[in-house]
Amino acid sequence: MDDRERRHMGDQLQPVAGNGLLHRRALLGRGLLLAGAAATGVGSSLTGAAAEPLADDPWSGHQGATIKAFETRSRYEDKVLRILSNPNGEPRTQHARTPHQMLNGTITPNPLHFVIIHNGTPDIDPDKHRLVIHGLVKQPMMFTLDKLMRYPMVTRTAFVECGGNSSPMFSNEPVQATLQHLHGLVSNAEWTGVLLSTLLEETGIDPKAKWFVAEGADTAALTRSIPMQKALDDAMIALYQNGERLMPSNGYPMRLLLPGFEGNMNVKFVRRIKLVDQPAMTYYEARNYSPIIPGCKAYKFYFHNEVKSFITHPSFGETLKEPGYYEISGIAYSGTGRIDKVMVSADGGQTWAEAALQGPVNPKAFTRFHIPWRWNGGPAALTSRAWDDSGNRQPLRAEFVAARGETLKPVTNTLGFYSQHYNSLTSWGVGSTGEIKHVYA
């Protein structure tokens, strides 16, 4: 932490206890952070115990609907949808973005999990699909789905994030778009499957093997090189997503899961894993996923999605109806460990206060943070900044732009990709009317 951060975060923040959690109390711009149980009143119009009894609504007076064998959500939630970049299925890449501003908690529902797929979703018969492990192994092996089901299973919660998520944030001017447009290519789920290391124990590893190449069974045959160290750490052949079989566009019937590594490396519909002595320099890793940086250079390999956070509520598209108490809430995650701390500011980074983290705080997974805030009706700029337990911190925008660059002209297409691995701060400006816009603080 540098001197500027100490001045902003240390000298002005005094700890107070509240609800069993350690909060920090500070002036956040023109609003006062409320800490502790005594500051839970939302407004002055709370209804008392002597209120008039509720009248029966129409649905309270007749037989309800029959329970379905497969439950679907309420018809009143029909606006909670993913944004599609290619709704007509033209022969090009398709994207579906998660509506984070409409969700809460940390687990992304399966039908809303983000998707990027290059040649459409294949209709794979699980009984005919095969996974082959070969190359620098002592005994090549082929696994059916039935055979994989006999191995010990593990369950882990992990986020998956496209390397191009948040690409509109490279714009030299703030893009006025929802959280879904800006950060919708990341989701978090509970994955269940067989550790890749378990399968490699069966095949035996040649000491010369330093990498493995994973290939998908779709027509794009996306292929990526991955260090063997990851294979022996926490790589998984995932078979279940949030308790049910993988969604088709998320890799059914099996996918490679590499917690913390950029999304395209988590090869879907995985059918081949080849152990090799050096990276294959495939099309996708040599061209598509080599981020350009200042100085006309590009990263040769970029594995980890770095520590990141953003506020989901309130955010762009919302309007605060009146001054008073609001809860600021968001998600933080890191591809290199657990979230250790999230600081929140309501004045664009002049003063900060520490948010409460909702447990359990899992490594390489979403962590939700909360902090109470009282809006006094004046301008405010809400932003968050995260740290992980490896000591990594979310960079300020000036730091990020100096290292990674920005566009020369404002971004106008929020579905485009201008660079990759954006993990700097996201700030929401609150106007005196309560309208929320995207700002660079």
Side-chain angles (χ1 to χ4, degrees), residues 16-21 23 25 28 30-83 98-113 178-180 188 190 242-244 311-331 344 346 355-360 366-378 380 382 428 430-437:
V16 297
N19 293 333
L21 297 173
H23 292 290
R25 189 179 184 194
L28 299 185
R30 294 183 173 88
L32 178 64
L33 175 72
L34 303 179
T40 56
V42 175
S44 58
S45 59
L46 297 179
T47 303
E52 292 293 325
L54 291 174
D56 286 342
D57 289 303
W59 52 82
S60 299
H62 58 77
Q63 177 73 20
T66 302
I67 295 174
K68 301 174 183 177
F70 188 84
E71 186 74 10
T72 56
R73 66 187 178 189
S74 167
R75 63 188 178 95
Y76 298 104
E77 298 299 318
D78 60 355
K79 293 182 175 59
V80 184
L81 298 171
R82 298 183 299 187
I83 294 172
T98 297
H100 291 295
Q101 74 277 15
M102 300 178 184
L103 304 178
N104 218 311
T106 57
I107 296 295
T108 307
N110 286 347
L112 296 175
H113 198 286
T178 66
L179 190 67
Q180 185 173 13
N188 191 66
E190 180 188 85
N242 294 331
E244 63 178 343
I311 293 170
T312 59
H313 309 288
S315 65
F316 180 92
E318 295 182 55
T319 298
L320 305 185
K321 296 182 179 180
E322 60 183 2
Y325 165 82
Y326 293 88
E327 181 178 70
I328 297 172
S329 177
I331 53 179
V344 174
L357 304 182
Q358 175 181 306
F366 280 4
T367 295
R368 183 157 289 276
F369 61 88
H370 307 266
I371 196 167
W373 170 60
R374 183 176 292 280
W375 179 49
N376 68 358
L382 308 179
W428 307 120
V430 183
S432 57
T433 62
E435 183 182 6
I436 298 177
K437 296 184 177 181

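Taking 4.5 Å as the limit, every side-chain heavy atom of Val430 sits out of range of all side-chain heavy atoms of Pro314.
Applying the side-chain contact (heavy atoms from CB on, under 4.5 Å) rule to Glu190 yields the partners Thr155, Thr157, Asn242; only residues at least two apart in sequence or on another chain are considered.
If you take OG1 on Thr108 and CZ on Arg82, they are separated by 11.0 Å, rounding to the nearest 0.5 Å. Rounded to the nearest 0.5 angstrom, His100 NE2 and Met102 CE are separated by 12.0 Å. Remark: Asn188 CG to Ile107 CD1 distance equals 5.0 Å, nearest 0.5 Å. In this structure, Lys437 NZ and Trp428 CH2 are separated by 13.5 Å, a value rounded to the nearest 0.5 Å. With values rounded to the nearest 0.5 angstrom, Ile436 atom CD1 is found 6.5 Å from Leu382 atom CG. Of the inter-residue distances, the one linking Phe369 atom CZ with Ile328 atom CD1 reads 8.5 Å to the nearest 0.5 angstrom.
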Using distance only, find each side-chain donor-acceptor pair of residues 53-72 under 3.5 Å and give its atom names and separation, not counting sequence neighbours.
{"unit_1": "His62", "atom_1": "NE2", "unit_2": "Pro58", "atom_2": "O", "d": "3.4"}
{"unit_1": "Lys68", "atom_1": "NZ", "unit_2": "Thr72", "atom_2": "OG1", "d": "3.3"}

Q.
For Thr312 and Leu103: C-alpha separation, side-chain torsions, deciding distance, then whether side-chain contact (heavy atoms from CB on, under 4.5 Å) applies.
A. CA-CA 8 Å; Thr312 59; Leu103 304 178; over 6 Å; no
Q. When you look at His313 and Glu318, which way does the side-chain contact (heavy atoms from CB on, under 4.5 Å) test go after all the steps?
A. CA-CA 8 Å; His313 309 288; Glu318 295 182 55; 4.0 Å; yes
Q: Step by step, work out the side-chain contact (heavy atoms from CB on, under 4.5 Å) result for Gln180 and Gln101.
A: CA-CA 7 Å; Gln180 185 173 13; Gln101 74 277 15; 3.4 Å; yes
Q: Could you walk me through whether Trp373 and Val344 pass side-chain contact (heavy atoms from CB on, under 4.5 Å), step by step?
A: CA-CA 10 Å; Trp373 170 60; Val344 174; over 6 Å; no
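No donor-acceptor pair under 3.5 Å is formed between the side chain of Arg368 and the backbone N or O of Thr106.
Among all heavy-atom pairs drawn from Thr433 and Trp375, the shortest one is C-CH2, 4.4 Å. Summarising the geometry of Val80 relative to Pro99, their closest heavy-atom pair is CG1-CG, 4.1 Å, with the distance given to 0.1 Å. In plain terms, the two heavy atoms of Gly105 and Ile331 that are nearest each other are O-CG2, 4.2 Å. The nearest pair of heavy atoms linking Tyr325 to Pro372 is CE1-CB, 3.4 Å. In plain terms, the two heavy atoms of Thr98 and His113 that are nearest each other are OG1-C, 3.7 Å. Smallest separation of non-hydrogen atoms from Ser329 and Asn104: OG-OD1, 4.5 Å.
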